[in-house]
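Encoded as structure tokens, the structure appears first; notes follow it.
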Amino acid sequence: IVVSGESGAGKTECAKSVLKFIAQLEEEAPLPALLLATSPLLEAFGNASTGRNHNSSRFGKLIEVHYSSASASASSAAATAPSRICGARIVDFLLERTRVTGAAAGEGNFHILYLLLHAPPAELCERARAALLLPDAASPATARRFPDLDARRAATAAATAAAAAA
């Protein structure tokens, strides 16, 4: 299936609909759901705000879905079994690399850059760390695994201060 069209025509949403349809056909297979789960990540790295569309794809992608078919030497019951998804590959291309260093007037950069700039505050990160049972940076276990952690933190703080002063 080839999905093509002008900017803002709905190609990304159409491709998602096709994948959702395939996922419904393959209810027990995890692969279609995994393919759908890649969309937000790919869009964060490859979509940007333009004059025509706030969430415009600035890249192309090819999604190959691989199917297995019943073997000709298989029993007659297996030969009539439907094909199943056995793999997939996503290839992206034509990313607007120039947008990283500067966007045209009235346009935005890739969404991932804004997401990184709006990272959660330290307090929220610490609550998430506790909720996920991640080791506390000050714990003896962490100190044993990362003996130079304090030196790394000091070096990072000094580099950040120097960059801010420059």
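When reading the values below, keep in mind they use all heavy atoms of this one structure, side chains included, and skip hydrogens, waters and symmetry mates.
- No donor-acceptor pair closer than 3.5 Å links the side chain of K61 to the backbone N or O of D92.
- Note on L31: it clusters hydrophobically with V18, by side-chain heavy-atom contacts below 4.5 Å among ILVMFWY residues.
- No side-chain heavy atom of N47 sits less than 4.5 Å from a side-chain heavy atom of F110.
- Both Y67 and L19 belong to a single network of hydrophobic side chains, linked directly or stepwise wherever heavy atoms of I, L, V, M, F, W or Y lie under 4.5 Å apart.
- The OG atom of S49 sits 7.0 Å away from the NE2 atom of H111 when rounded to the nearest 0.5 Å.
- Looking at residues two or more places apart in sequence or on another chain, you find a side-chain contact (heavy atoms from CB on, under 4.5 Å) between A44 and I112, L115.
- Of the possible polar contacts, one joining the Y114 side chain to the N109 backbone as a donor-acceptor pair under 3.5 Å is found.
- Here the closest heavy-atom approach between residue S68 and residue C86 is recorded as N-SG, 3.7 Å.
- The CD atom of E13 lies 7.0 Å from the OG atom of S17; values are rounded to the nearest 0.5 Å.
- Around the CD atom of E6, the shell of radius 6.0 Å holds no more than 12 heavy atoms that belong to other residues, nucleotides or ligands.
- Within 6.0 Å of NE2 on H54 lie no more than 12 heavy atoms contributed by other residues, nucleotides or ligands.
- Under the 4.5 angstrom side-chain criterion for Ile, Leu, Val, Met, Phe, Trp and Tyr, V2 has no cluster partners at all.
- L41 and F59 end up in the same hydrophobic cluster when Ile, Leu, Val, Met, Phe, Trp and Tyr side chains are linked at under 4.5 Å.
- No side-chain heavy atom of V65 sits less than 4.5 Å from a side-chain heavy atom of R89.
- Using a 4.5 Å heavy-atom cutoff, the side chains of L34 and L36 are not in contact.
- The side chain to side chain donor-acceptor pair (under 3.5 Å) contacts involving residues 34-45 comprise K16-E43, where partners must be two or more places apart or lie in separate chains.
- Residues L62 and I90 form no side-chain contact, since every pair of their non-hydrogen atoms from C-beta on lies 4.5 Å or further apart.
- Taken from CD1 in I85 to CG in L35, the straight-line distance is 7.0 Å, to the nearest 0.5 Å.
- Crowding of F45 atom CZ: a count of heavy atoms from other residues, nucleotides or ligands under 6.0 Å not exceeding 12.
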